Amino acid sequence: MKQFTQKHLLGIKDITVDDIELIFETADGFKTVINRPIKKVPSLRDVTIANIFFENSTRTRISFELAQKRLSADTVNFAASYSSVSKGETLIDTVNNILAMKVDMVVMRHPAPGAAIFLSQHINANIINAGDGTHEHPTQALLDAFSIREKFGNVNGKKVVIVGDILHSRVAISNIICLKKLGAEVMVCGPTTLIPKHIESLGVKVETDLMKALNWCDVANMLRIQLERQDIKYFPSLREYSMLYGLDKKRLDSLDKEIVVMHPGPINRGVEITSDVADSKHAIILDQVENGVAIRMAVMYLLASQQ
Amino acid sequence: MNSKIILEKKQFSIVIDRLCYELIEKHGSFENTAIIGLQPRGTFFARRILKRLVEITENEKLLYGELDISFYRDDFRRGKEQIVPNAMKINFTVESKKVILIDDVLYTGRSIRSALDALVDFGRPEKVELMVLIDRRFSRHLPIQPDYTGITVDTRANDKVKVEWKENSKADVASIISN
């Protein structure tokens, strides 16, 4: 009998390959649900979920919220800027106060790496990490792998290159771990300044030439340049970055094969990816968004069933 | 452990034939009728019924779907076992249609309650009927009865009724396993 082994989803690092497969199988079921005329199931009708976002997010928050509504869960939303956090309350106090109102599950995004793990050690509720600083973003990695699986039928053996700001990207770290667990080959590509030292220890190839990377891969995951996390200049200008590492139609057409283009959003059009590529048939960016809802439904459904 | 066979190969086809003729008697040309098997195990029986109905009526256009009740079950968060969903294959609405739900074993009636819940998410059927291969009578937790029954058996609560199909096992056989 298949069984989900986790009480929380803190990072891809902690979950097993069987867990990932179970999440995918469950998400298949939810994907048919969200494509029906009536897009809702009653599974989580006695579950209350708090969405606590200490950092800005549009896509992830809406995706989680929609997933919760499609599962019939009750939700409360909490954005740090409006809250007592600005009055000096600690993280544990804030969350405990919310839990005292009988909340079963917490979805949290926080700028500090490890915040979700810290919370899980002190709080008695299911915790889902919706991004903790530059550490992990597990649901994004799951939906990316799920989208690759949907496109190719399998993740095993596929060659995936992650291009861009690897240094500040939790999406990159979670993606690398998730794809490696599922048997894919992973390469990172970007300016040397944005590639963390010793990244090879995660079992990935490193390439600084975008064309070489594109010629090697089946899938290119173009990451956003996270200017808000860059305290110093890592490259001379955005224009130079986009000349060297931006994906445009010309580069795509010069390859002797078709590759799939992914992007975790939000897109900086004209920086890491040009509009004609983002809107082309190569891009599965909007499929990723759709799959995000199904994956998050699956994760919350599986965690809720643990109680 | 004690296993008693209640249906075997030949009886399977006799029962399926009889149930098909009962359906034809009631639904005629199946113009406005949809046949829906319950995932995961009811679909083996439902596909068998469908196949035989097509043979008898020579009507290839019977509406057929498979319903998964995982997300509608009332023991979610209460049981120890993980509920893993199966494929939902209904590419029509059931609005104003007569629906025949098909499952292999009717026991407490809770699966059928979940199925009724799941079904209304595909529209408002004109009528819903229930066909089961084996009815474990006097064991219902809910007021649900079948309209078409293969065989009726008396069982104790800790007995298990197991139905195996050629498609997923060696042969067609149904048995009661008691401890």
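Quick note: numbers below take in every heavy atom, side chains included, and nothing from hydrogens, waters or symmetry partners. Every chain is numbered from 1 and lettered A, B, ... according to where its sequence line falls, protein lines coming before strand lines. Every value quoted in this text rests on a predicted model; they were computed, and no experiment measured them.
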Q. Has Lys127(B) got more than 12 heavy atoms of other residues, nucleotides or ligands less than 6.0 Å from its NZ?
A. no
**Q.** Close side-chain approach of Ser305(A) to Gln82(B), heavy-atom, < 4.5 Å
**A.** yes
Q: For Tyr21(B), look at atom OH and say whether over 12 heavy atoms of other residues, nucleotides or ligands are found less than 6.0 Å away.
A: no
Q. At their closest point, which heavy atom of Val120(B) faces which heavy atom of Ile38(A), and how far apart are they?
A. O-CD1, 4.0 Å
Q: Check whether Leu302(A) gets within reach of chain B through its side chain, its backbone, both or neither, counting any heavy atom under 4.5 Å.
A: both
Q) More than 12 foreign heavy atoms under 6.0 Å from CG of Asn124(A): is that the case here? A) no
(Q) Take a 6.0 Å sphere around CD of Gln121(A) and say whether it holds more than 12 heavy atoms from other residues, nucleotides or ligands. (A) yes
Q. Can you tell me how far the CG atom of Asp121(B) sits from the NZ atom of Lys40(A), to the nearest 0.5 Å?
A. 10.0 Å
Q) Of the backbone (N, CA, C, O) and the side chain (C-beta and beyond), which part of Thr32(A) lies under 4.5 Å from a heavy atom of chain B, both, or neither? A) side chain
**Q.** Lys181(A) NZ: over 12 foreign heavy atoms closer than 6.0 Å
**A.** yes
Q. Is Lys26(B) atom NZ crowded by more than 12 heavy atoms from other residues, nucleotides or ligands, each under 6.0 Å away?
A. yes
(Q) Using heavy-atom distances under 4.5 Å, tell me whether Phe76(B) contacts chain A through its side chain, its backbone, both, or neither. (A) side chain
(Q) Could you check whether atom NZ of Lys166(B) has more than 12 heavy atoms from other residues, nucleotides or ligands sitting under 6.0 Å from it? (A) no
Q | Interatomic distance, Thr26(A) atom OG1 to Ile83(B) atom CD1 [nearest 0.5 angstrom] | A | 10.5 Å
Q.
Measuring only between side-chain heavy atoms, which start at C-beta, is Val41(A) closer than 4.5 Å to Tyr72(B)?
A. yes
Q. Could you give the distance from CZ (Phe71(B)) to OH (Tyr301(A)), rounded to the nearest 0.5 Å?
A. 5.5 Å
**Q.** Over 12 non-hydrogen atoms of neighbours within 6.0 angstrom of CD in Glu25(B)
**A.** no
Q. Which answer fits Pro42(A), side chain, backbone, both or neither, if we ask what part of it has an atom under 4.5 Å from a heavy atom of chain B?
A. both
(Q) To the nearest 0.5 Å, what is the distance between CG on Asn91(B) and CZ on Arg36(A)? (A) 13.0 Å
Q) Can you say whether Ser70(B) sits under 4.5 Å from chain A via the side chain, the backbone, both, or neither, judging by heavy atoms? A) both
